[in-house]
Amino acid sequence: MTTPIWRKLMMAGALAGLMSASFHGLAEDASNLTLTFQEPEKFTDIRPANESRARFRERTLAGFERIFQEFAAELPEGYQWQVTVTDIDLAGDVNPMYSRTGQDIRVVKDLYSPRVAFTHVLRDGYGEQVAAGEENIRDMGFLQSPRMVGPRHQDLRYEYTMLKRWFERDLMPQIEAHQAKLPKVSQ
């Protein structure tokens with residue numbers, strides 16, 4: 001016995017609704033990360049080339065969630081990181097002019113650099129603030145930079161590389177400086 005098409009569509013719609021709800025609120029899969037996407041429907045550029053806007057947005061936000069979870073996994077034990085993503089402008093621009101068929105495609109050129117804006121607060125295991133800020137990260141030379149991405153983040157390779165550089169260059173030194181100030185406990 002086959003399942004009627006209307007039932008399959010209803011089940012797919014319900015599943016999409018459940019997944020969508022998680023991206024509009026908090027995403028807390030990593031125990032030391034609280035990630036919020038603030039009004040993702042208003043982000044500068046999360047435009048799909050050839051799929052539905054809602055599905056592309058969900059997939060893209062899930063990709064950013066994986067990126068921030070990966071970074072949170074590198075934090076010292078006991079640290080808590082709250083991140084609120086306030087804007088995303090993906091590398092490239094969606095434009096039908098470059099396609100022979102007239103369908104939208106994402107054109108990646110130097111002119112269309114990636115940008116991610118977010119606020120964050122990082123606290124140590126005692127609740128003391130280690131780092132905080134309002135970040136607006138853009139990589140104007142993203143096509144000339146060596147990429148630091150594996151297959152897990154291939155869809156967001158430019159954004160991942162940009163954020164990974166920020167994490168290693170800006171956030172990790174603050175963590176190291178904070179840990180150097182802590183009193184040493186003998187064993």
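Quick caveat, the model's predicted, so the values are computed rather than measured.
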Do the side chains of Ile175 and Val121 join up, straight or via other hydrophobic residues, at under 4.5 Å, putting them in one cluster? no

Linking I/L/V/M/F/W/Y whenever any side-chain heavy atoms sit under 4.5 Å apart, do Ile88 and Phe56 land together? yes

[Y] side chain reached by [X] side chain, heavy atoms, under 4.5 Å:
{"X": "Pro76", "Y": "Gln179", "value": "yes"}
{"X": "Glu41", "Y": "Glu39", "value": "yes"}
{"X": "Leu163", "Y": "Val116", "value": "yes"}

Carboxylate-amine/guanidinium proximity below 4.0 Å for Lys164 and Glu168: yes

Does a salt bridge link Asp139 with Arg165, judged by any charged N lying under 4.0 Å from a carboxylate O? yes

Please find the pair of heavy atoms, one from Val130 and one from Asp124, that lie closest to each other, and give the distance. CG2-N, 3.6 Å

Would you check if the distance from the ring center of Phe37 to the ring center of Phe64 is below 6.0 Å? no

Tell me whether the centres of the aromatic rings in Phe118 and Trp166 are closer together than 6.0 Å. yes

Would Gln82 and His120 count as having a side-chain donor-acceptor pair, cut-off 3.5 Å? no

Check the angle between the aromatic planes of Phe71 and Tyr160 and answer parallel, tilted or perpendicular using the 30° and 60° thresholds. tilted

